[in-house]
Amino acid sequence: MIILGIETSCDETSAAVVKDGKEILSSIILSQDVLHRQFGGVVPEIACRAHLETIIGIVNNAIADAKLQLAEIDAVAVVNTPGLIGALLIGVTTAKTLCMALGVPLIAIDHLHAHIYANNLENETIQYPAIGLVVSGGHTTIFLSESETKHIPLGGTIDDAAGEAFDKVSKILGLGYPGGPVIDRIAAQGDRRAVAFPRSYLEKDSLDFSFSGLKTAVLYHYRGQDSKASGSKTSSEHEIANIAASFQEAVVDVLIDKTLLASKMSNARGILLGGGVAANSRLRQRLKDKSNETGIPVYYPSPVLCTDNAAMVAGLAYKKYLEGDVAGLDLEAIP
Ligand code: KG4
Ligand code: ZN
């Protein structure tokens with residue numbers, strides 16, 4: 001079964017063709033980073049207009065790259081939640097129109113569940129129940145994943161998402177947008193123990209997250225450091241690297257501790273990482289080490305499948321289709 005997936009929930013316009021939930025025949029991802037960079041974050045109106053201008057070309061490219069004709073598509077899958085409402089609407093309307101014109105089923109996909117499914121695209125051995133940790137620009141959510149399609153939220157962020165914290169700290173340090181990749185790179189040169197930033201665990205055994213206090217601590221530390229460096233307003237590269245490394249370690253500590261706690265509480269048989277922050281090299285390394293210690297397998301997708309992409313959408317859609325979970329043309333976008 002050949003499924004065309006469409007993803008427009010935030011600032012990537014993406015279309016992909018996936019066969020039988022596994023084989024990626026094509027995957028086109030157009031990042032809007034250059035459009036949002038000057039604002040230090042995603043501007044919803046700009047994202048929405050850019051999706052509108054590019055979606056038809058992206059879909060055509062995905063079909064062409066898969067060496068197919070539109071008429072050979074068996075179903076169309078689209079992310080309808082969560083995301084920016086204007087951005088979601090472009091994808092949902094495109095998908096519905098294609099389904100109507102081609103006479104094929106429409107499959108509605110939850111963006112966060114698709115991030116977890118990215119692991120299934122590359123692995124045959126995943127066992128359930130598993131703990132799914134989605135860490136992205138908009139979400140930090142721990143799921144109990146009972147199967148590829150069934151995910152029960154156990155906890156989430158009460159303020160900033162993990163990726164949002166990376167992006168905001170990057171802005172504070174003057175490192176640009178998106179912040180995650182650049183902090184990841186610069187942190188490798190820094191000392192993780194240079195600054196003792198706070199780790200927020202909330203109540204005992206809580207699976208919720210809070211990153212806004214950490215972000216503020218970075219801001220105060222950086223400002224304090226600036227004012228101490230009398231005469232020079234900029235911190236040295238070395239100091240910036242230390243702050244980046246210490247911040248990243250604080251985020252990773254909390255993500256790992258809570259993920260392992262969730263895994264223990266639910267006797268999980270695996271841990272599935274997903275979302276843009278799952279591309280973080282320190283988080284991957286630390287979780288791999290934990291996996292070796294605990295014997296619980298940890299999975300994370302290739303970096304290109306961590307950030308937003310439509311291959312994970314088309315992949316998950318196959319499993320949902322097999323379960324008879326097909327949407328009507330009255331499908332709504334839910335922000
Ligand atoms: O999943 P995603 O592409 O979009 C959303 O669904 O939000 O995630 C984007 C987020 C951004 O905040 C970006 O800074 C972060 O993922 N990110 C990273 C890394 N690569 C991307 N964060 C930490 N380390 C990375 N290597
Ligand atoms: Zn995402």
Side-chain angles (χ1 to χ4, degrees), residues 5-14 16 27 29-33 36-37 39-44 47 51 78-84 87-88 91 109-119 132-141 143 151 156-157 160-173 175-188 190 209 211 214-215 244-245 247-256 272-287 300-313 315-316 335:
I6 295 177
E7 153 66 51
T8 63
S9 66
C10 191
D11 62 340
E12 268 89 25
T13 316
S14 180
S27 174
I29 304 167
L30 180 66
S31 164
Q32 301 174 359
D33 282 355
H36 301 289
R37 192 164 284 153
F39 304 103
V42 178
V43 182
H51 287 309
V78 67
V79 165
N80 74 314
T81 194
L84 303 169
L88 289 167
I109 297 293
D110 181 305
H111 182 79
L112 304 186
H113 299 176
H115 269 309
I116 298 176
Y117 189 84
N119 290 289
L133 174 70
V134 179
V135 269
S136 70
H139 295 269
T140 305
T141 310
F143 290 96
H151 307 280
T157 184
D160 290 357
E164 194 180 352
F166 271 93
D167 293 337
K168 287 179 177 169
V169 162
S170 176
K171 197 172 174 180
I172 291 168
L173 301 179
L175 299 173
Y177 175 85
V182 59
I183 289 188
D184 192 347
R185 197 176 65 244
I186 286 175
F209 297 91
F211 292 112
L214 171 60
K215 173 194 67 189
F247 157 77
Q248 179 175 270
E249 201 66 5
V251 174
V252 168
D253 274 350
V254 177
L255 290 176
I256 289 188
L272 311 171
L273 214 56
V277 183
N280 185 268
S281 55
R282 182 72 183 151
L283 177 62
R284 292 160 86 96
Q285 182 57 50
R286 291 266 314 271
L287 267 176
Y300 38 74
S302 304
V304 70
L305 292 173
C306 286
T307 43
D308 289 349
N309 67 89
M312 64 187 189
V313 175
L316 174 57

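Bear in mind that the values here come from a model prediction, so they are computed numbers and not experimental data. All values below come from the heavy atoms of this structure, side chains included, with hydrogens, waters and symmetry mates left out. We count residues from 1, following the sequence as given. Both ligands and their constituent atoms are indexed starting at 1 by order of listing.
The closest side-chain heavy-atom distance from V134 to I116 is below 4.5 Å. Considering only heavy atoms from C-beta on, V79 comes within 4.5 Å of L88 through its side chain.
The shortest heavy-atom contact between I29 and D308 is CG2-O, 3.8 Å. Pairing each heavy atom of G275 with each of S136, the nearest pair is CA-CB, 4.2 Å. Taking each heavy atom of H36 and V42 in turn, the nearest pair found is ND1-CA, 3.6 Å.
Under a 4.0 Å criterion applied to the non-hydrogen atoms of D184, ligand 1 contributes the atoms 24 (N), 25 (C), 26 (N). In the vicinity of G179, heavy-atom distances shorter than 4.0 Å reach the ligand 1 atoms 14 (O). Numbered from 1 in the order shown, with element, the atoms of ligand 1 that lie under 4.0 Å from a heavy atom of N280 read 23 (C), 24 (N), 25 (C), 26 (N). Taking a cut-off of under 4.0 Å to the non-hydrogen atoms of S136, the atoms of ligand 1 that pass are 1 (O), 5 (C), 6 (O), 7 (O), 8 (O). Residue contact check: H111 has heavy atoms under 4.0 Å from atoms 6 (O) of ligand 1. Ligand 1 places these atoms under 4.0 Å from at least one heavy atom of T307: 3 (O).
Here the CD-CG distance, from Q285 to N280, works out to 11.0 Å after rounding to the nearest 0.5 Å. With rounding to the nearest 0.5 angstrom, the NE2 atom of H115 is 14.0 Å from the CG atom of L272.
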Review item, side-chain donor-acceptor pairs of residues 177-186, under 3.5 Å, at least two apart:
unit_1: Y177; atom_1: OH; unit_2: D11; atom_2: OD2; d: 3.2
unit_1: D184; atom_1: OD1; unit_2: S281; atom_2: OG; d: 2.5
unit_1: D184; atom_1: OD2; unit_2: S281; atom_2: N; d: 3.0

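For atom 11 (C) of ligand 1, the nearest non-hydrogen atom of the protein is D167 OD2, 3.6 Å. At the top of the distance list for atom 2 (P) of ligand 1, counting protein heavy atoms only, stands D308 OD1, 3.3 Å. Considering only non-hydrogen protein atoms, atom 18 (C) of ligand 1 sits nearest to G180 CA, 3.4 Å. The protein heavy atom nearest to atom 7 (O) of ligand 1 is G137 N, 2.8 Å.
Distances between N or O atoms of G275 and those of ligand 1 include no value under 3.5 Å. The shortest N or O to N or O distance between G163 and ligand 1 is under 3.5 Å.
Side-chain atoms of H51 come within 3.5 Å of backbone atoms of C10 as a donor-acceptor pair (strictly under, hydrogens ignored). Looking at H151, its side chain never comes within 3.5 Å of a backbone N or O of F143 through a donor-acceptor pair. Formation of a donor-acceptor pair under 3.5 Å by the S170 side chain with backbone atoms of G176 is found in this model.
Contact annotation for H115 and ligand 1: only side-chain heavy atoms (C-beta onward) come within less than 4.0 Å of the ligand. Residue contacts with ligand 1 for C10 are absent, since no atom lies close enough (heavy atoms, distance under 4.0 Å).
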Please report the C-alpha distance between L283 and Q248 in whole Å, then the side-chain angles of each, then the deciding distance to 0.1 Å, and finally whether the side chain to side chain contact (heavy atoms under 4.5 Å, CB included) criterion is met. CA-CA 9 Å; L283 177 62; Q248 179 175 270; over 6 Å; no
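Residue contacts with ligand 1: Q248 is excluded, as none of its non-hydrogen atoms falls under 4.0 Å.
Ring geometry for F209 versus F211: interplanar angle under 30°, hence parallel rather than tilted (30 to 60°).
Relative to atom 17 (N) of ligand 1, the option among A187, G41, G276, G138 with the closest non-hydrogen atom is G276.
Salt bridge absent: K215 and E164 never bring a charged side-chain N and a carboxylate O closer than 4.0 Å.
Protein nitrogen, oxygen and sulfur atoms, that is N, O or S, within less than 2.8 Å of the Zn ion (ligand 2) amount to 3.
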